[in-house]
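Data first, discussion second: the structure below is written as structure tokens.
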Amino acid sequence: MSTVPATQAPPSPAPVWDVINGFASYWALSAALDLGLFDALAKDPGTGLDAGQLTAVTGAAGPGPVTVLAETLVALDLLTADEDRFRLTPAAERYLVSTAPASMAALARYSPGPLAAWPGLAETVRTGAPGPGVPEALTALYPALVRATGPTQSGVATAVAAELERRGLWPEEPTVVDLGCGSGAWLTALLGTRPHARAVAVDLPNVLPVAEAAAGDAGLGERVTAVAGDYLDTALPVSRADVVVLAHVLRAEPPERARRLVARAVELAGTDGVVVVADYWRPDPPATGSATGEDAGAASGDGTGSASGEDAGAASGDGTGSASGDRTGAASGDGSGTPEDRTPEDRTAVCAAARHELLLSLTMLASTAGLGVSAADLRTWAEAAGADVTDSFAPVPRQHIRLIRSRIRSRTPEATS
């Protein structure tokens, strides 16, 4: 039965078409990367290239097919068109040219996770677990995926080091433990700001060489101890750390493993250290009527394989779009809105504002044992470990950081201005 009054015009099908066309949009971007189209345009950014030139540099069958692709990219705000010439937009020049410092070109290929996971999403929703072969495909994909996240995460980590120093939480000779170190971007960026810092890098055996190579390339190899294994229970060479990093790992874990991981991080940080948590935060659950993140995640399995840092769907770049991390009130998922203030209309706005985070949570559902993570989840897990989420900030757009500290402190940090 229709809910549209007879005197009112029917709603536009545009939202449905937007979703349908999202599939084609992704593959248009993927094809352009495979053809080297953005790199070719970057060689002559001022003049641009016409369809004939694009045909030559991409190996297209002729001007017709490459024109359709290029004009689609114009419609997607990735190229501009001036008569018969195409040029990069500023966003494409910064993020889609393979040699750009902040390039997301590789990330665009790997961020969706194993492509085979998506056609089976309905069955994953029914069963609560990814389909056969998907976890194995994700494990094989991890090295390339985490390497692709390095450019974006390095900038975030450097900004976090400055913020820790401002808060008096970044000593001159710190010990850092990175649980799920992924690309090594966090540990190399942090160590790069302190010449006497040392780090312990923990990740899966097939991922750890990526972080080791990054540390070696940065001249930091001698200051990094690499530990391969499950970050929940593998033995570590230190019992305490000044900074423990959980960067983009919690959302790929089922609730019980995530709780245990937070507990281990809090134990390592002790009374004077800090746990730094970087993730893309789902909205907190509404006050009534739906399960908490922990209840909702119960069906996702026990997650016997640990997630690698900066896992599937982990990166958003440093984002020219609106920043999700600095929204206020209920939309931020930080609990600053009171439960009685939340209405069904608020929930629609909250979900719309968290589109990026929710799509990444769906990516977790498609190929991992996790369902994403909310600030409420983190508060619950921290409190269970005898700690509190004490601060949150967004050093760059779409990168929201939360700090956890023990309730028992032996000293008070001296913040700097």
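Because the structure is predicted, anything quoted here is derived from the model rather than measured.
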Minimum side-chain heavy-atom gap Leu358-Pro283 below 4.5 Å: yes
For Ser239 against Leu268, the heavy-atom pair lying closest together: O-CD2, 3.8 Å
Would you check if Glu383 and Asp388 make a side-chain contact, meaning some heavy-atom pair closer than 4.5 Å? yes
pair Phe393-Val160: side-chain heavy atoms closer than 4.5 Å: yes
Are any non-hydrogen side-chain atoms of Leu107 and Thr149 less than 4.5 angstrom apart? yes
With the side chain counted from C-beta on, respond yes when Glu253 and Val262 share a heavy-atom pair under 4.5 Å apart, and no when they do not. no
Here's a test for you: under side-chain hydrogen bond (donor to acceptor under 3.5 Å, both in side chains), which of Arg398, Gln399, Glu357 qualifies with Tyr280? Gln399
Using side chain to side chain contact (heavy atoms under 4.5 Å, CB included), reason through Leu403 and Val389 one step at a time and then give a plain yes or no. CA-CA 6 Å; Leu403 305 182; Val389 178; over 6 Å; no
Enumerate donor-acceptor pairs with a distance under 3.5 Å from any side-chain N or O in residues 22-32 to protein atoms, sequence neighbours excluded.
unit_1	atom_1	unit_2	atom_2	d
Ser25	OG	Asn21	O	2.9
Tyr26	OH	Ala108	O	2.7

Electrostatic pair Arg264-Glu267, nearest N-O below 4.0 angstrom: no
What's the verdict on side chain to side chain contact (heavy atoms under 4.5 Å, CB included) for Arg109 and Asp34, showing C-alpha distance, side-chain angles and the deciding distance? CA-CA 10 Å; Arg109 304 175 191 275; Asp34 288 345; 2.3 Å; yes
Report the C-alpha distance between Arg251 and Asp377 in whole Å, list the side-chain angles of each, state the deciding distance to 0.1 Å, and finish with yes or no for salt bridge (Lys or Arg N to Asp or Glu O under 4.0 Å). CA-CA 10 Å; Arg251 72 174 176 277; Asp377 293 330; over 6 Å; no
Distance-only donor-acceptor pairs under 3.5 Å for side chains of residues 56-70, two or more places apart:
unit_1	atom_1	unit_2	atom_2	d
Thr58	OG1	Leu54	O	2.6
Thr58	OG1	Ala60	N	3.4
Thr67	OG1	Pro63	O	2.6

Would you find a donor on one side and an acceptor on the other, under 3.5 Å apart, between the side chain of Arg87 and the backbone of Thr47? yes
Leu73/Leu37 under side chain to side chain contact (heavy atoms under 4.5 Å, CB included): CA gap, chis, key distance, verdict: CA-CA 11 Å; Leu73 296 170; Leu37 187 147; 4.1 Å; yes
Qualifying salt bridge (charged side-chain N to carboxylate O under 4.0 Å, His left out) pairs, either residue in residues 179-195, two or more places apart: Glu165-Arg194, Glu172-Arg194
Do Val249 and Leu179 come within less than 4.5 Å of each other through their side chains, counting heavy atoms only? no
Main-chain N/O of Gly48 paired with Arg85 side-chain donor or acceptor, under 3.5 Å: yes
Does the side chain of Thr175 reach to within under 4.5 Å of the side chain of Arg240, using non-hydrogen atoms? no
With heavy-atom distances below 4.5 Å as the criterion, would you say the side chains of Trp281 and Leu378 are in contact? yes
